[in-house]
Amino acid sequence: MKVTILTNGPGELWGWVRPVAFELRRRGHSISLWLLPCQFSSGHERKAASLLGVDKLEGPASASRIWQDIIREKTDRVIQLGGDVMFGQRLAKAAKAPLTIYSYRASKEIKGAKILVAYPSQANNIPNVEVIGDIVKDAADMDITPSSIVKWDWPKLENSPRLLILPGSRPMIRKAAFEWVCEICGQLKNTIPNLRIRTLFSDFIPASDLVEWKEAGLEPVRFSAGIAMRNADYALTQPGTNNFELMHCGLPALVVTPEKFLKFVPISGALGILANLPLIGTKLRRIGAMKIINRWNGFISLPNRTFNKNIMSELYGSVTSSEVVERVCSEINDIEKLKSESEELLKMSGKSGAASRLCEIALSNNESLTDRE
């Protein structure tokens, strides 16, 4: 059977597509992978996708180009793992193939598809949405290999905590945050002399992007999250897919969103044009950010939003480097609190096998988009 997967950003590609593609290959199916336009792209998605062993790889390209080309795709099943669902609906209708969509939040606006989510709260009270677990958990489990365990080599030492920095995959934000991270780590080392720091980048980020981080003493490494996060004591990160990776690995973390970096967050469409204007743009971004935060009861990390529970530490707004340092120091030295938080994160994580369950549902789904309409 030929299966077409549609995806967009780096988190979806590595955290969702990778386990699903592995499962489809294990079952002997042919895979066609389309990379859709993504405002949060790292710029290295195609290179990462080439490592997944798919039979056909398309994109990334402009929305208009994908829109024109996708109707020529011949396929038996369509699985959408991120990106605008209009592409999946267009392909499914043209190919007369069943469409299965996996998301972290179901929408009432999506028609003609089988909708799957990771957790009950993400079903959004919509009938017929199926909860299958988090595919990112499968991705984190895939990272555990004998060779990766040996190569990581970062043993736990008494009175020498291990701090993992997660700068993300978005080049603009990563570049903007570099000096700020340097300032924070400098203060942390003055406060905790035996602190060990590593900065984690995904495997497909070019080595050239790591040079300045290494020169600054931030010990950048390109490594699998499932191993790195299971062998650290605490993490400093931003909102994103890695929040769920941290949860599945039981690694306590501080999730930070400084207001001064809002200008680097991409916004699409007409609103994006306004948001880039001087003065008014800053105000619009601030208002927009607060609306989103209020919608999620004041939470910014994905686990806290999903479970509506303050388990992962957060800081947002006019955050200073000193505030971050103070919070990290107070938490990384509280061994009992770290142990308790780690246990609670793992309890929230759920069971593995979401990728397998998704494939079973998608491959057995015999109802085409046309049938549903």
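- You'll find the ring centres of Phe307 and Tyr119 inside the 6.0 Å limit.
- Applying the salt bridge (Lys or Arg N to Asp or Glu O under 4.0 Å) rule to pairs touching residues 205-229 yields Arg174-Asp209, sequence neighbours excluded.
- Sorted by first and then second residue, the pairs that involve residues 307-322 and meet salt bridge (Lys or Arg N to Asp or Glu O under 4.0 Å), not counting sequence neighbours, are Lys309-Glu344.
- Applying the ring-ring contact (aromatic ring centres under 6.0 Å, His included) rule to Trp154 yields the partners Trp152; only residues at least two apart in sequence or on another chain are considered.
- Annotation: side chain of Arg105 is not in contact with side chain of Val117 (no heavy-atom distance under 4.5 Å).
- A search for ring-ring contact (aromatic ring centres under 6.0 Å, His included) contacts involving Trp34 returns nothing, not counting sequence neighbours.
- Here Leu36 pairs with Leu6, Asn8, Ile66, Gln80, Phe87 under the side-chain contact (heavy atoms from CB on, under 4.5 Å) rule; sequence neighbours left out.
- Under the side-chain contact (heavy atoms from CB on, under 4.5 Å) criterion, Ala94 pairs with Ile71, not counting sequence neighbours.
- Residues Met142 make up the rest of the hydrophobic cluster containing Phe22, defined by ILVMFWY side-chain heavy atoms closer than 4.5 Å, directly or through other members.
- Residues forming a ring-ring contact (aromatic ring centres under 6.0 Å, His included) with Tyr234 (at least two apart in sequence, or on another chain): none.
- Scored by the side-chain contact (heavy atoms from CB on, under 4.5 Å) test, Ser318 finds no partners at all (sequence neighbours excluded).
- Residue pairs that meet the salt bridge (Lys or Arg N to Asp or Glu O under 4.0 Å) test with at least one member in residues 15-25, sequence neighbours left out, are Arg18-Asp143, Glu23-Arg26, Glu23-Arg27.
- Legend: salt bridge (Lys or Arg N to Asp or Glu O under 4.0 Å) pairs involving residues 131-141, not counting sequence neighbours, sorted by first then second residue: Asp141-Arg230.
- For Pro60, the side-chain contact (heavy atoms from CB on, under 4.5 Å) test picks out Leu35, Arg46, with sequence neighbours left out.
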